[in-house]
> 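Dumping the structure here so I can ask a few things about it.
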There are 2 protein chains.
Amino acid sequence: MARTTRETILTATAELMRVKGFGAVAMKDVVAASGAPIGSLYHHFPGGKTQIAREALVAAGAAYGLLIPTLMAPHDDLGEGVEAVFMQAATDMAETGFANMCPVGSVAAEVADTVEELREATAAVFTDWVDGGTAYFASRGLGTTAAREVTVAIVTALEGAFLVARTLRDTEPLTTTGRVLARGYVGVPLAAAAESAVPRVTTSSA
Amino acid sequence: MARTTRETILTATAELMRVKGFGAVAMKDVVAASGAPIGSLYHHFPGGKTQIAREALVAAGAAYGLLIPTLMAPHDDLGEGVEAVFMQAATDMAETGFANMCPVGSVAAEVADTVEELREATAAVFTDWVDGGTAYFASRGLGTTAAREVTVAIVTALEGAFLVARTLRDTEPLTTTGRVLARGYVGVPLAAAAESAVPRVTTSSA
DNA sequence: GTCTATAAGAGGATAGAC
DNA sequence: GTCTATCCTCTTATAGAC
């Protein structure tokens with residue numbers, strides 16, 4: 001894979017963005033990682049760094065969209081399947097030393113309010129993931145509304161759990177989120193709210 | 001609030017990071033936003049940009065930790081409370097034009113594999129949120145394990161839903177994730193997996 | 001403790017030979 | 001289509017007067 005110069009540049013950039021995000025990747029890094037000289041980068045991608053990032057995100061996003069259907073396939077209970085998806089994510093993350101798995105989520109967080117072209121690209125990837133998951137769950141008998149809802153929840157919760165797990169270097173956020181998302185908490189009673197239970201603000205007047 | 005020069009610098013930096021993240025905020029921006037000259041920044045924070053960001057994140061994180069207990073207080077059913085938290089988040093986000101709400105999550109995504117000092121700072125904030133939420137739910141009658149699990153799930157799902165909502169400029173990820181998280185999906189049956197339902201990879205050979 | 005001027009380097013992008 | 005040399009801007013950080 002990655003035969004042409006173009007493809008080599010894109011896969012090298014996706015890999016760099018997976019680790020360092022968008023802003024922290026320099027064109028110099030792409031030159032070093034891809035082996036292509038700087039002139040070739042601008043020859044193939046006249047839009048510069050932003051265009052390279054955009055195309056790399058779209059290609060990486062398409063590959064990751066297959067993951068949820070693949071992991072759900074062996075299960076015939078939605079709750080079990082959801083939990084299995086998060087468990088697999090936890091295992092993968094621990095095995096790779098809590099490195100980032102996919103560049104889309106972290107780059108999305110970085111560019112949502114700053115680089116409109118890349119916000120649109122990451123938005124398109126999220127939309128494709130939701131549409132693909134919705135079609136998959138619908139094919140397995142869920143109504144369109146339910147299929148879409150569960151897909152949205154899996155995508156958002158997975159992105160958030162990845163972020164917290166990566167930050168804490170701990171799989172608990174993934175395993176726990178998967179379990180809670182599968183089970184839900186409707187009908188669990190809470191005692192009357194106690195004022196004293198609200199934690200105090202720790203002001204940093206150091 | 002923010003009387004001293006130190007505090008002015010920290011609040012200005014937190015506000016800048018909320019919008020632009022860490023890397024895209026230049027010291028020049030902090031100078032402009034805080035009114036303090038560059039020399040004062042390095043006088044009060046010898047550790048430079050990273051130290052300023054670290055202290056700003058800790059201070060901002062402490063304030064946001066109060067949000068979950070505050071929003072949960074009126075509810076005596078856990079599922080209802082969870083849904084209310086996400087609904088409130090959706091309302092706030094729409095009212096502010098889908099701007100980022102809190103700098104912690106987006107900066108965490110940016111620095112987790114690159115700036116160890118800030119990874120530790122964001123990890124400490126997440127840990128405080130979970131500990132605070134666990135104590136709160138325990139005070140409302142949940143067992144310690146259940147209290148911790150539901151807090152972890154709320155924090156991770158909320159961060160992920162914020163990210164996707166901000167990227168799509170749409171509240172659906174927040175409202176839907178809240179609803180699904182509250183309800184859960186255990187026991188929902190799935191039909192046999194159909195191979196054809198797996199979406200194809202869209203290669204960007206444009 | 002406040003502020004200005006400047007150093008030293010890294011950033012993205014381009015021109016133009018081959 | 002490949003590759004090198006270079007431009008100009010912007011970055012963080014420091015020195016040192018006040």
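Just so we're on the same page: letters track the sequence lines, and every chain starts at 1.
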> Need to verify one output field. Residue with the more 5' nearest nucleotide on DNA chain C, B:Ala36 or A:Pro46?
B:Ala36

> Taking NZ from B:Lys49 and C1' from D:dT14, how many angstroms apart are they, rounded to a whole number?
17 Å

> At under 4.0 Å, does any side-chain N or O of A:Ser40 touch on OP1 or OP2 of D:dG1?
no

> Checking all strands, does B:Gly39 fall into the base, sugar-phosphate, or nothing category for heavy-atom contacts under 4.0 angstrom?
base

> Could you tell me the separation between the NZ atom of A:Lys28 and the P atom of C:dT14, rounded to a whole number of Å?
20 Å

> Counting any heavy atom closer than 4.0 Å, what does B:Val30 reach on the DNA or RNA strands: base, sugar-phosphate only, or nothing?
nothing

> Whole angstrom is fine here: how far is it from CE in B:Met27 over to C1' in D:dT14?
12 Å

> In terms of the nearest nucleotide of DNA chain C, which residue is placed more toward the 5' end: A:Asp29 or A:Ile38?
A:Asp29

> Could you give the CZ-to-P distance, from A:Phe45 to C:dT14, as a whole number of Å?
15 Å

> Are B:Tyr42 and D:dT14 close enough that a side-chain N or O sits under 4.0 Å from OP1 or OP2?
no

> What are the two closest heavy atoms between A:Trp129 and A:Thr151, and how far apart are they?
O-CG2, 3.9 Å

> Decide, yes or no, whether a salt bridge links B:Lys20 with A:Asp113 under the criterion of side-chain N to carboxylate O below 4.0 Å.
no

> If only atom types and distance count, is the side chain of A:Arg6 paired as donor or acceptor with the main-chain N or O of A:His44 below 3.5 Å?
yes

> Can you see if the side chain of B:His43 gets near the phosphate of D:dT14 - specifically, an N or O under 4.0 Å from OP1 or OP2?
no

> Would you mind telling me which of C:dG1, C:dC3, D:dT11 lies closest to the side-chain atoms of B:His44?
C:dG1

> I want to verify a distance call: between C:dT4, D:dT2, C:dT14, whose nearest atom is closest to the A:Thr5 side chain?
D:dT2

> Just checking, is any N or O donor in the side chain of A:Thr177 or B:Thr156 under 3.5 Å from an acceptor N or O on the other one?
yes

> In whole angstrom, what separates B:Leu41's CG from D:dT11's C1'?
14 Å

> Between B:Thr176 and B:Pro173 (side chain of the first, backbone of the second, donor and acceptor by atom type, cut-off under 3.5 Å), is there such a pair?
no

